[in-house]
Undergrad: 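The structure under discussion is supplied below as structure tokens; questions concerning it will follow.
Positions are given from 1, in the same order as the sequence printed here.
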Amino acid sequence: MTEEDRIKEVLYRFEDGGLISKDQDKILSCLSDTIIGIGIGEQGFVTSQNDIIEIFTAGIK
């Protein structure tokens, strides 16, 4: 498997977990234990997997 294939696999798994299966464990399996992300909007800054879980949970409601 090429590096490009591995990257695609992770991206597809992340998108599936967030948009299709709504599986937070699948999302977290794609992320490092140490994560920092900056985006746009109310959830624009995350510093941990717990932040990701909170955003994911709020998005399901």
Side-chain angles (χ1 to χ4, degrees):
M1 180 180 285
T2 67
E3 185 71 18
E4 182 179 343
D5 291 336
R6 286 192 295 262
I7 291 168
K8 285 180 183 178
E9 182 181 329
V10 171
L11 288 173
Y12 292 152
R13 190 169 62 237
F14 183 83
E15 290 298 320
D16 175 69
L19 299 174
I20 299 168
S21 65
K22 310 256 190 256
D23 182 345
Q24 78 178 21
D25 291 329
K26 190 177 275 191
I27 293 171
L28 295 178
S29 74
C30 300
L31 303 173
S32 168
D33 290 336
T34 55
I35 181 171
I36 295 179
I38 300 171
I40 299 173
E42 292 178 17
Q43 306 93 2
F45 188 76
V46 296
T47 58
S48 69
Q49 287 192 354
N50 286 336
D51 289 348
I52 298 291
I53 293 169
E54 288 177 21
I55 292 168
F56 178 76
T57 304
I60 291 177
K61 295 178 183 177

Undergrad: Taking Gln24 for the side chain and Thr57 for the main chain, is one N or O donor matched with an acceptor at less than 3.5 Å?
TA: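 Flag not set: sc Gln24 to bb Thr57 has no pair under 3.5 Å.
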Undergrad: Work out which heavy atom in Gln49 is nearest to a heavy atom in Asp33; give both atom names and the distance.
TA: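 Residues Gln49 and Asp33, closest heavy atoms: NE2-OD1, 3.6 Å.
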Undergrad: Using atom types as modelled, flag every donor-acceptor pair under 3.5 Å from a side chain in residues 13-21 to any protein atom, sequence neighbours excluded.
TA:
{"residue": "Arg13", "atom": "NE", "partner": "Ser29", "partner atom": "OG", "Å": "3.4"}
{"residue": "Asp16", "atom": "OD2", "partner": "Ser21", "partner atom": "OG", "Å": "3.2"}
{"residue": "Asp16", "atom": "OD2", "partner": "Lys26", "partner atom": "NZ", "Å": "2.5"}
{"residue": "Ser21", "atom": "OG", "partner": "Asp16", "partner atom": "O", "Å": "3.2"}

Undergrad: What verdict does the salt bridge (Lys or Arg N to Asp or Glu O under 4.0 Å) test give for Arg6 and Glu9, after you've listed the backbone C-alpha separation in whole Å, the side-chain angles of each residue and the deciding distance to 0.1 Å?
TA: CA-CA 5 Å; Arg6 286 192 295 262; Glu9 182 181 329; over 6 Å; no
Undergrad: To which residues is Leu11 joined in a hydrophobic cluster, defined by side-chain heavy-atom contacts under 4.5 Å among Ile, Leu, Val, Met, Phe, Trp and Tyr, whether direct or through other members?
TA: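 Members other than Leu11 - counting any ILVMFWY side chain reachable under 4.5 Å - are Ile7.
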Undergrad: How long is the straight-line distance from CD1 of Ile27 back to CD1 of Ile52, given to the nearest 0.5 Å?
TA: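 Interatomic distance, Ile52 CD1 to Ile27 CD1, rounded to 0.5 Å: 8.0 Å.
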